[in-house]
Amino acid sequence: MPVNRNALIRYRTIDTCLRNRFRKWTLDDLIEACSDALYEYEGIDKGVSRRTVQMDIQMMRSDKLGYNAPIEVSEKKYYTYADPEYSITNNPLTDQDLDRLTEVVDILRQFKGFAHFRELTGMVQRLEDRIHTAKTSLPSVIDLEKNENLKGLEHLDTLYQAILKKQVMYLTYQSFKAREPQSFHFHPYLLKEYRNRWFVLGKRKQKSPILTLALDRIEGLEVAPDKPYLENGDTDLSHYYRNVLGVTVQEGRSPEEVLLFIDKENAPYVLTKPIHHSQELVESGPDGVIIRLLVQHNFELEREILGFGDYMKVLQPERLRRRIQQKLQDATAQYESEMSLKELGMSNKRINRLGYTVLDSVYSQKEVRRMRSMIGRAIEAMGKNLDEVHALRNLLQEIPKLKEVVFNTNLIKVLHEVMGGRCFLVKATYFNKAENNDWYVTWHQDVPIAVKEKVASDQFYGWTKKSGFHSVCPPPEVLKNMLALRIHLDDTKKANGALRVIPKSHYHVLNDDEIAQLRNLDDAIWIEVAKGGVHIMRPLVVHASKKNAEKSPRRVIHLEFATCELPDGAEWAYRHQWHMPESSR
């Protein structure tokens, strides 16, 4: 049975309404929706009659068009699908549909030899394969690249129509970096597909730059009929992506020459499927080939190069070469910094027996660089010289974003294994033993803690007021339920001020004479820690540090954790309760 365009628009509109389970649809609601759709797509403003929509529903329920739609009426007035997963768009093609598609394929096949229609070749073959599969019920002979879980495809037709009709869209968008979605008017100009992901190009305002928005990040989309459409008059979109790989374009930036070496085993893959249309073969030798690209340096170019791993090497430019080298080193560090439960279990036993332990590669080199960079920027923002800052107290209050790096998966595993996941952070300090800060500490135990207010109690002693809090020595029971953890941001060696500790000195609070007797036993051990490693110890471990003889930096983040509350109403001056992600449990 032939179906006219207006009827198809009504069927599709009714289908869209009934699939929306968040609203109840009366017959009047469906009539209004169909009238709006006909006006939007065909400019028909006389509306739709009640009888027409009733006949449409009966047609959709029947098998005349192959729909057999399970439309039911609840409470004698609300229309819905009995099957919430049903849609007329999921129905197989009818014989009549297949015959018409076959005719279309026959017509398209005639144009495949013409230069202007070369892109039709793959499309015609795909269409032929789909028709063959539908007619014969045999498996497909063409396996197309697809991502069935890809979001945002429902916006594709709406944006396509908006570009054709020059309509302004009001959309809600949240990029991967944004904390909250934003809503704004958008003037779409071009749809772009890259590696099975769709993007739309356009502007927000007349003088704003071209934006590239990913369809899978669009949360809401509707036409803004009262907003005038801004024409694209100053950007040639047909050449917009000419000098890039992917969709990241830096307007006004010239492409640069990129030379890549590919080994002989993988060279054929790159030569038969060029990375970019500007690709040229520069040199061919027994070990491999060198190719030249003329492109902008962007994220997609880096990802393409990294995808070849050790089969490809960047020869120039130097900035890209260093960038790829660093990323490969960081990738290797991801594997090297993995921690096993067996290793953690042994460390826990060592802490309980000796009072300390060292764990290597808790942090990757990339994470260490981020921590040093964040601290450096914060110190410079205070108007201070980096090398002149001996200590930065209240570190995580001063730099809250540092928590995201400090509490990585490895640290959380350590805390869960060593302290049972019940602990909370009570101190965070940055220490810098730089060339101009050649300080040292004598033998001692870490006994002071920071509390909010002074408390009248015999259990606390040694009150001092500094940096906005009170420093006090608590009862031994508190100290025995604490753990100090030192994150090393540089290689720490004996020559640049590593700690010396006396094993098994963490069981009791000692006086000065007892500490002096211990240090004379010459049982102290040097604690050398590689960059990214962590030194864990009980606060009561007797330790000291020496001067920096090597004049190399030794930067450390000192954290203290506790598992108990303070007696007599005293409160910790700072308390941060970390949360363990499900993936780490």
Side-chain angles (χ1 to χ4, degrees), residues 326 329-330 332-333 336-339 343-344 346-347 350-351 354-376 379 385-392 395 405-406 408 410-411 414 428-446 483-506 515 518-539 541-560:
Q326 187 63 66
Q329 290 174 350
D330 290 342
T332 303
E336 293 174 347
S337 62
E338 287 185 342
M339 302 181 67
E343 180 184 5
L344 289 175
M346 295 295 293
S347 298
R350 187 177 177 87
I351 293 172
L354 300 177
Y356 73 92
T357 192
V358 173
L359 290 171
D360 296 321
S361 302
V362 175
Y363 296 89
S364 68
Q365 299 305 299
K366 181 178 180 180
E367 290 171 324
V368 171
R369 287 198 307 273
R370 284 189 64 192
M371 287 188 280
R372 293 199 310 205
S373 175
M374 294 171 76
I375 294 171
I379 292 174
N385 187 301
L386 295 177
D387 291 337
E388 293 177 355
V389 175
H390 160 69
L392 183 61
L395 179 66
V405 191
V406 169
N408 71 354
N410 282 343
L411 180 65
V414 170
T429 305
Y430 168 71
F431 291 115
N432 176 22
K433 183 171 280 195
E435 184 176 341
N436 298 327
N437 280 328
D438 196 12
W439 50 269
Y440 65 96
V441 292
T442 56
W443 293 100
H444 71 291
Q445 291 177 312
D446 282 334
L483 190 75
L485 189 146
R486 299 166 65 86
I487 304 169
H488 287 254
L489 305 182
D490 298 288
D491 290 331
T492 299
K493 298 164 287 186
K494 178 179 178 180
N496 70 345
L499 291 186
R500 294 183 73 189
V501 303
I502 298 178
K504 302 181 181 180
S505 58
H506 62 293
I515 292 176
L518 282 177
R519 75 177 186 227
N520 291 330
L521 295 176
D522 200 24
D523 287 338
I525 296 174
W526 290 101
I527 305 298
E528 296 189 324
V529 187
K531 179 169 59 176
V534 165
H535 173 207
I536 307 172
M537 64 179 179
R538 295 294 180 187
V541 170
V542 177
H543 62 281
S545 71
K546 58 174 292 185
K547 291 184 177 182
N548 188 343
E550 191 178 78
K551 302 299 182 183
S552 62
R554 196 215 70 186
R555 290 161 287 191
V556 172
I557 295 177
H558 178 92
L559 307 176
E560 290 184 12

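Just the heavy atoms: all of them, side chains too, but no hydrogens, waters or symmetry mates, feed the values below.
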If you round to the nearest 0.5 Å, how far is [atom2] of [Y] from [atom1] of [X]?
{"X": "M346", "Y": "R350", "atom1": "CE", "atom2": "CZ", "value": "9.0 Å"}
{"X": "I351", "Y": "T357", "atom1": "CD1", "atom2": "OG1", "value": "5.5 Å"}
{"X": "D523", "Y": "R500", "atom1": "CG", "atom2": "CZ", "value": "10.0 Å"}
{"X": "S361", "Y": "K531", "atom1": "OG", "atom2": "NZ", "value": "11.5 Å"}
{"X": "I536", "Y": "L411", "atom1": "CD1", "atom2": "CG", "value": "8.0 Å"}
{"X": "R554", "Y": "N548", "atom1": "CZ", "atom2": "CG", "value": "8.0 Å"}

If we ignore hydrogens and angles and just use 3.5 Å, is the side chain of [X] paired with the main-chain N or O of [Y] as donor and acceptor?
{"X": "E388", "Y": "N385", "value": "no"}
{"X": "D446", "Y": "P539", "value": "no"}
{"X": "H390", "Y": "F431", "value": "no"}
{"X": "N432", "Y": "L386", "value": "yes"}
{"X": "S505", "Y": "V542", "value": "yes"}
{"X": "R486", "Y": "H535", "value": "no"}
{"X": "S545", "Y": "V441", "value": "yes"}

For [X] versus [Y], what's the shortest heavy-atom pair and its separation?
{"X": "P553", "Y": "N496", "result": "O-ND2, 3.4 Å"}
{"X": "A498", "Y": "W526", "result": "O-CZ3, 3.5 Å"}
{"X": "V406", "Y": "Y363", "result": "O-OH, 2.5 Å"}
{"X": "P503", "Y": "I525", "result": "CG-CD1, 3.5 Å"}
{"X": "M537", "Y": "Y356", "result": "CB-CB, 3.8 Å"}
{"X": "Y440", "Y": "K433", "result": "CA-NZ, 4.2 Å"}

- Can you list the steps and then say if L354 with V501 is a side chain to side chain contact (heavy atoms under 4.5 Å, CB included)? CA-CA 10 Å; L354 300 177; V501 303; over 6 Å; no
- side-chain contact (heavy atoms from CB on, under 4.5 Å) partners for D330, two or more places apart: Q326, Q365, K366, R369
- Taking salt bridge (Lys or Arg N to Asp or Glu O under 4.0 Å) as the test, write out the residues that go with D490, two or more places apart. R372, R555
Side chains of [X] and [Y]: does their closest heavy-atom pair fall under 4.5 Å?
{"X": "I375", "Y": "L489", "value": "yes"}
{"X": "L392", "Y": "T429", "value": "no"}
{"X": "N408", "Y": "E367", "value": "yes"}

- Query: Among all residues two or more places apart in sequence or in another chain, which pass the ring pair (Phe, Tyr, Trp, His ring centres under 6.0 Å) test with H488?
  - Reply: none
- Message: Apply side chain to side chain contact (heavy atoms under 4.5 Å, CB included) to residues L395 and I557 and explain how you reach the verdict.
- Response: CA-CA 9 Å; L395 179 66; I557 295 177; 3.8 Å; yes
- Full working for side chain to side chain contact (heavy atoms under 4.5 Å, CB included) between V534 and V358: CA-CA 6 Å; V534 165; V358 173; over 6 Å; no
- Task: Test L518 against W443 for side chain to side chain contact (heavy atoms under 4.5 Å, CB included), laying out the working first.
- Result: CA-CA 10 Å; L518 282 177; W443 293 100; over 6 Å; no
